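Heads up: the structure comes next, in structure tokens.
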Amino acid sequence: MKASSPAQFAASRSGEVPPLERVREGIWALGTAMPGGHIPYSLLYLVRDTDSGIHIVDPGWDSDTNWDGLVAALASIGASVAAIQSVTVTHLHPDHVGMAQRVHLESGAPVQMHATEARDLEIAGPGGWSPSAVVQELDDWMVPDARRAEIETMLDHAPPHLTVEVGRLLQDGDRLDIPGFDLIAMLTPGHTAGSVCIRGDAQQVMLTGDVLLPTMHGGLGLGGPTETNPLQDYLASLDALKRYPDHEVLPGHGYRFTGLVARADKSAAHHLKRTGEVAAVLADDPDASVWDIASRLTWTAGWDNLSGFFAYSALWQTAMHREYLSLR
């Protein structure tokens, strides 16, 4: 894997938000700030069609600062909010879908996302959390009564429910309506059930949202409930992306890079390493509960230091890997 944007690479190291930069003829990338400091920014993409219309992919976290940055970026390329013709969202998380409704209201541009993602956004919100589903999971995972209330506090910090008027429901293989470009939506579930990547073969670019990132490995199953196993889905999605080895990756965070196949293989290995740890515990204790398995795994912060959402996330990952093993 090799960084293909020196400016974005430097920003990822310094924690600053990268400025607008040209990616290809008619395609630009713009950093949009995120709150909290853990991940400093997401990447918004602008596409100018052959009729001078502007199309946005992943408008970023909704804030006045990001809105002003978008308006300024448009002005710098000789465009305005009025020129925006469409907004495409790769997945439901607020750092990607956040400004979609504001752009829609200000420009009239329709918002589009995969049909599964639109459903989950409406039902569970941008965090993908359903309170009743979380309570049931804690029962299934045999979480001790002494820890349940503390873990359930994560529901008090769920992202606010976003109202987004979705004008077009995308399906796998749909072509985006962008004159002069042949950009295709690929359904790539795993991170969320309805995550899409946007592929441009003529430009040899792959806009991956959070499916494939240069500096971290995106979490799995972070959308609404799904009848399939997110890890199994994710590995299949990586295989689909690997059919385009020469496409430059335009990710949702970090920096643009080449070497798609190598990075996909590394991301798969990262997740399967956890699967191996779960398999080792089950070999010793086939009837171990999700709580018991998780307590015996290696966690960066240490199992005893995980609380609230972080404890829930560890348990969810453990359950996912156990299910993957049973399916395999």
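Keep in mind the model is a prediction, meaning the values are calculated, not measured.
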Inset, instruction - Quick one: sort the W303 and W299 rings into parallel, tilted or perpendicular, breaks at 30° and 60°. - result: tilted

Inset, instruction - May I ask you to decide whether R13 forms a salt bridge with E16, counting only side-chain N to carboxylate O separations under 4.0 Å? - result: no

Legend entry - Any residue meeting ring-ring contact (aromatic ring centres under 6.0 Å, His included) with Y234, in chain and number order, not counting sequence neighbours: H271

Inset, instruction - Would you check if L222 and S313 make a side-chain contact, meaning some heavy-atom pair closer than 4.5 Å? - result: no

Legend entry - Pairs touching residues 12-49 that satisfy ring pair (Phe, Tyr, Trp, His ring centres under 6.0 Å), sequence neighbours left out: none

Inset, instruction - Measure up the H91 and H96 rings against each other and bin them: parallel (under 30°), tilted (30 to 60°), perpendicular (over 60°). - result: tilted

Legend entry - H247 vs Q203 side-chain heavy atoms within contact, under 4.5 Å: no

Inset, instruction - Mind checking the CG-CZ spacing from L212 to R263? Nearest 0.5 Å is all I need. - result: 7.0 Å

Legend entry - By ring-ring contact (aromatic ring centres under 6.0 Å, His included) - contacts of F181 (at least two apart): none

Legend entry - Side-chain donor/acceptor of T208 to backbone N/O of V211, under 3.5 Å: no

Legend entry - ring pair (Phe, Tyr, Trp, His ring centres under 6.0 Å) partners of residues 199-226, not counting sequence neighbours, each pair once: H217-H270

Inset, instruction - For the residue pair I77 and R48, establish whether any side-chain heavy-atom pair is separated by less than 4.5 Å. - result: yes

Legend entry - Carboxylate-amine/guanidinium proximity below 4.0 Å for E106 and R102: no

Legend entry - Short side-chain to backbone donor-acceptor contact, D49 and S52, under 3.5 Å: yes

Legend entry - Carboxylate-amine/guanidinium contact E122 R119, below 4.0 Å: no

Legend entry - H253-S42 side chain donor-acceptor pair, cut-off 3.5 Å: no

Inset, instruction - For the pair D285 and R296, find out whether any cationic side-chain nitrogen is under 4.0 Å from an anionic carboxylate oxygen. - result: yes

Inset, instruction - May I ask you to check whether Y312 and W141 place their ring centres under 6.0 Å from each other? - result: yes

Inset, instruction - Quick one: list whatever passes ring-ring contact (aromatic ring centres under 6.0 Å, His included) with W61, sequence neighbours left out. - result: none

Inset, instruction - Please determine if D177 and R175 form a salt bridge, counting it only when a charged side-chain N lies under 4.0 Å from a carboxylate O. - result: no

Inset, instruction - Report the distance from atom CG of L170 to atom CG of L176, rounding to the nearest 0.5 Å. - result: 6.5 Å

Legend entry - Donor-acceptor contact below 3.5 Å, side chain Q232 vs main chain Y324: no

Legend entry - L44 side chain near V57 side chain, heavy-atom distance below 4.5 Å: no

Legend entry - Set of residues satisfying ring-ring contact (aromatic ring centres under 6.0 Å, His included) with respect to Y255, sequence neighbours excluded: F9

Inset, instruction - Answer whether the closest heavy-atom distance between the side chains of T32 and V17 falls below 4.5 Å. - result: no

